[in-house]
Amino acid sequence: MDIPKQYDPKEAEQHHYERWERSGFFAPEINKDPAAEVFSIVIPPPNVTGSLHMGHALQHTLMDVMTRHKRMCGYRTLWLPGMDHAGISTQLMVSRALKEEGKSRHDLGREKFVERVWQWKAESGGQITVQMRREGASVDWSREKFTMDEDLSRAVYEVFVRLYEEGMIYRGNRIVNWCPHDQTVLSDLEVEKLPQSGKLYYLQYPIKNSERHVTVATTRPETMLGDTAVAVSPTDDRYRDLVGETVLLPLTNREIPIIADEYVDPEFGTGAVKVTPAHDPNDYEMGLRHSLPEVVVIDLYAKMTADAGADFAGLDRYKAREKVVADFESLGLLEKVVDYEFSISKCERCKTVIEPLISLQWFMKMDQVRDLALDLLAREHKPRFVPETYEKIYTNWLENLRDWTISRQLWWGHQIPAWYTPDGQVVVARSEEEAREKAGTSELTRDPDVLDTWFSSALWPFSTLGWPNETDDLKTFYPTSVLVTARDIIFLWVSRMVMSGMKFMGKEPFADVYVTGTVLDSQGQRMSKTKRNGIDPLEVFDKYGVDATRLTLAQIGSTDTRWNEKQVESYRNFANKIWNAARFCLLNSDGAEVKPETLDNASALQDRWIVSRLNKTARDLNAAINAYEFHQAVQLLYHFFWDDFCDWYIELSKSDVTAEQESAARTEARTRLLTVLEQALRLLHPFMPYITEELWQRLPGEKHLHSAYAGAEPTVMLTAFPAGNANLIDEAAESEMQAIIELISRVRNIRSEMNIKPSERIPVIVAASDENLRRVFSSAREQISRLVRASEISVNGQVEAPRASARAVLTGGAEVAIPLEGLIDFEQERRRLQREQEKLQAEAKKLEAQLENPNFVSRAPAERVNEVRARIAEIAQQSAQLQQTVENLQ
RNA sequence: AGGCACGUACGUCAAUGGUAGACGGCUUCCCUUACAAGGAAGAGGUUGGGGGUUCGAGUCCCUCCGUGCCUACCA
């Protein structure tokens, strides 16, 4: 058999995925057990324009670990993939391409443009689905969905119509966030606030029939052209007499009132605020309270309107600002200008400064669905957030929820199913046909707007399963088991899925929400396209392999972590270790094959021990994965495989396994080794799908699949995940092995400290007063001898060693001595033993102090107190032995 | 401005209130026939500072310092 010394991940990553997918292993139908429990996850649909980044890789790894684990446990599993049409980004991307041809979307017209977007999607959309295959994601591609698919669109319209009929969706004029670049309205969540250093301008407004003036402060002087009032605090004595007076608004011929409103903070600025209802959300609210007129002075393109006055009409908002300031200065009404830090709202996508504008839009009332979500949490504590701290954030946001602006002035997306009759009547329907019927006329104009992308994603957990039809999938897989996502879309997406799930399914969309951490760059900065500090997962895959990258990501779990390539490298080394361990097993496998039953009746200590370790690891691993403790899971696997299996089990079995002479004992040892390896590969599989499949395929023997997958093609991904059989956990074997490991370690320690060359063989004298311990050491004599490179080993009741020996005291009253005639430096040996003595005494001192505290003895659990007592006794005994040893040196 | 996290070895991170660990790095030795991407043995910590609760605190409470993130209408 020809197996290279180094593991080549690319080789293994090449063929397995294609076979897994082709053989239908990812689809729930592979499970033939009608009574199987169900496990389902819907993927957070990546943007159709997107490509894989570290955040995806992290989420996908965790989802895949859970899915593969549950599948191997016999669950009917579905991990449903899909993509989001991503309204604005996609439209922008295609518009940009058009621009290169010298065209705009308006040149094409709506219909042609949308066709063009579909064409783009067919040709170059969905890069990420190719990249997900590379990750090894075991999603069911046969159920892949896209938010603009016909069936998902049907769900969108159904929801819209139902909500409209219930009065939860309405159309109205309200102040909204407008992006002058993208020419669309944005929800509050699509706006980002950035700190900005700017200026605060103090403008003087003359008061009618008076010599006085009132000074207002503003960061946006150009909006003064649209002022319709000046507001002061009702509690502000400075302005009390001015309330009700009239201001002569400079640069315009308008007169506006001075009003009193609670909103005004007398402490800030001058205590007087200019009110521009058409261009500021707070002023808008104030305007409503005081029935102020709304004077629109800025248009959709952020240029001044005719109402701004002839001098300003057509000017860009920033030019207008300069001119207003200059005009005030020449009128002597500019009191002062000071530097000022404030935050500015920008479009999340194009970074253009948002213009708050009054505009006719569609909105969704959130009160009712918000209460459904809050009730679900209060009554059933669902969804359960992991880590649970996110529950507070989620609740807090829900409690402060406002109406959702759902219309967007785009062409790419679900066009709002509302039609207008010639006389301005609104008809909302599932289709144009239904609209005609309702309206009683065919002269209808459809609303040109589309819905916010998140409107369709909010339905994802049930729209993807066939809703509004009552499909089998919907019945089987809803509610889903867990949602895995990054924290930045808890509001945008998670909460909205809960609300719509409760509203339309009457059940929560998922039981748990697992919020992943953020992968930061080495400086602790968030990775972002604009900063260009992102690490491309595909490059990491190429360099270290997918499996090593997955282990790194899995252990990150929900912690924010700085990206550390060294960690990946160490897991690459781990993969290589697995490879070479398997290589050893296979190179010594003649005449043997995997036989699971050989693990149930092991008799030799090392066999009982590894079986015990295997089952304990499996037990703990299952618990860790089920509790979303991925870091713990990775640690368990790493140490079981490397420490227990490679460092000890292989080494202890080596002489049996590599015996030149064929024998029943050799075959048996080889069989056990292969069988333990096969079990270990199963444990590793959810985390490292490629290397485990590659090696598993090479193992000889008839390897059984989980009974739910009987008849399927052989693959490690459909074997039974080891459950961790309590009957095979053997504490006696573990503690006996521990004694052997301790003995070997102490001898090696002596060798190292005494600078004994590795090639030099030394006699080893072991003594134990305990008969069982003597038996344990004796029967492992050959293995111990090999691992410490001993020339001879004796095991007795008492130490009978020459004075010139290095010694160590072991647990359980055992001792080891190494005669070192001529090699030993007595002074050095005494110091070495003295150091050990000091360590023991320090520990004993601490423990004794505890016992001397009467409160500890009376209040701490008895079990704990006994542990301390036992440990003190153990130390006392070892210490006495050490003392004796030191004295013998004199 | 409020809210929420976080601060542990040189680095990245673990640790149901019960003797502070892992991996990498570092030091010494070894190409011992699975693996030098390896083996063996080590060094390295007043858990950001201070106070409190407790028999016992990295963990719970208060406070200060530092760092992130989220939310917010301060013109």
Side-chain angles (χ1 to χ4, degrees), chain A residues 3 5-7 188 193 200-201 216-220 223 231 263-265 267-276 280-286 340 342-343 387 389-390 392-393 396-397 400 487-488 490-491 518 520 522 524-526 544 548 552 555-556 559-567 569-588 629 631-632 634-635 638-639 646-647 650-651 654 658 744-745 748-753 755-759 786-789 843 846-847 850-851 853-861 863-865 867-868 871:
Chain A
I3 307 170
K5 274 184 161 186
Q6 270 195 8
Y7 171 53
D188 290 344
K193 308 251 164 132
L200 191 58
Y201 301 87
V216 296
T218 180
T219 54
R220 301 196 58 195
T223 61
Y263 162 75
V264 180
D265 174 4
E267 304 294 317
F268 187 85
T270 63
V273 184
K274 60 190 275 308
V275 183
T276 323
D280 182 281
N282 303 306
D283 293 4
Y284 178 76
E285 297 291 331
M286 238 191 295
Y340 186 61
F342 62 104
S343 68
T389 175
Y390 292 106
K392 267 183 263 173
I393 300 174
N396 191 39
W397 184 78
N400 296 306
R487 74 175 134 253
D488 51 352
I490 292 178
F491 307 142
T518 309
L520 306 167
S522 60
Q525 299 280 312
R526 242 189 132 75
Y544 298 104
T552 310
Q555 81 159 359
I556 286 175
T559 347
D560 289 358
T561 302
R562 297 180 183 210
W563 182 253
N564 185 355
E565 198 172 290
K566 287 281 180 193
Q567 187 63 256
E569 193 180 328
S570 110
Y571 287 130
R572 189 268 318 257
N573 295 352
F574 180 53
N576 196 50
K577 187 77 180 176
I578 296 169
W579 182 259
N580 277 291
R583 181 167 179 267
F584 173 81
C585 300
L586 289 168
L587 290 176
N588 295 288
E629 289 165 0
H631 185 277
Q632 174 68 10
V634 172
Q635 295 297 311
Y638 189 92
H639 292 292
C646 294
D647 287 353
I650 289 184
E651 293 306 328
K654 212 169 225 173
T658 59
I744 293 169
S745 303
R748 284 171 170 175
N749 172 271
I750 290 170
R751 290 189 65 120
S752 174
E753 293 210 11
N755 294 319
I756 297 165
K757 280 191 201 131
S759 54
R786 195 160 32 79
L787 294 182
V788 303
R789 302 187 72 76
E843 194 187 337
K846 259 197 216 166
L847 296 174
Q850 272 192 312
L851 275 187
N853 181 345
N855 285 328
F856 173 69
V857 180
S858 60
R859 298 196 190 181
E863 194 187 335
R864 177 84 206 133
V865 177
E867 270 173 37
V868 172
R871 181 63 192 148

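Chain letters run A, B, ... following the sequence lines, proteins first and then strands; every chain starts at 1.
Taking 4.0 angstrom as the limit, A/Asn573 places a side-chain polar atom (N or O) nearer than this to OP1 or OP2 of B/G38. Distances shown here put every side-chain N or O of A/Lys757 at or beyond 4.0 Å from the OP1 or OP2 atom of B/U32. Residue A/Lys274 places none of its side-chain N or O atoms closer than 4.0 Å to OP1 or OP2 of B/A75.
Within 4.0 Å of A/Asp280, counting heavy atoms only, lies no atom of the nucleic acid at all. Counting any heavy atom pair closer than 4.0 Å across all strands shown, A/Lys5 reaches sugar-phosphate atoms only and no base atom. At the heavy-atom level, A/Lys654 lies under 4.0 Å from base atoms of the strands shown. Residue A/Tyr340 is in sugar-phosphate contact alone, with no base atom involved, counting any heavy-atom pair closer than 4.0 Å across all strands shown.
Side chains of A/Gln555 and A/Tyr571: a donor on one and an acceptor on the other come within 3.5 Å.
When the C1' atom of B/U32 is taken as reference, atom CZ of A/Arg786 falls 11 Å away, rounded to whole Å. Residue A/Asn855 contributes atom CG, which lies 13 Å from atom P of B/A57 at whole-angstrom precision. In this entry the distance linking CD of A/Gln6 with C1' of B/C31 reads 15 Å, nearest Å.
No hydrogens or angles were tested; on distance alone, nothing pairs the side chain of A/Gln635 with the base of B/A14 as donor and acceptor under 3.5 Å.
Taking the centre and axis of the six-membered ring of A/Tyr638, the NZ or CZ atom of A/Lys577 falls outside the cone set by 45° and 6.0 Å.
Of the nucleotides present, B/G42 is the one that pairs with B/C26 by Watson-Crick or G-U wobble criteria, both distances under 3.5 Å.
The two residues A/Tyr201 and A/Thr219 come nearest to each other via the heavy atoms CE1-O, 4.2 Å.
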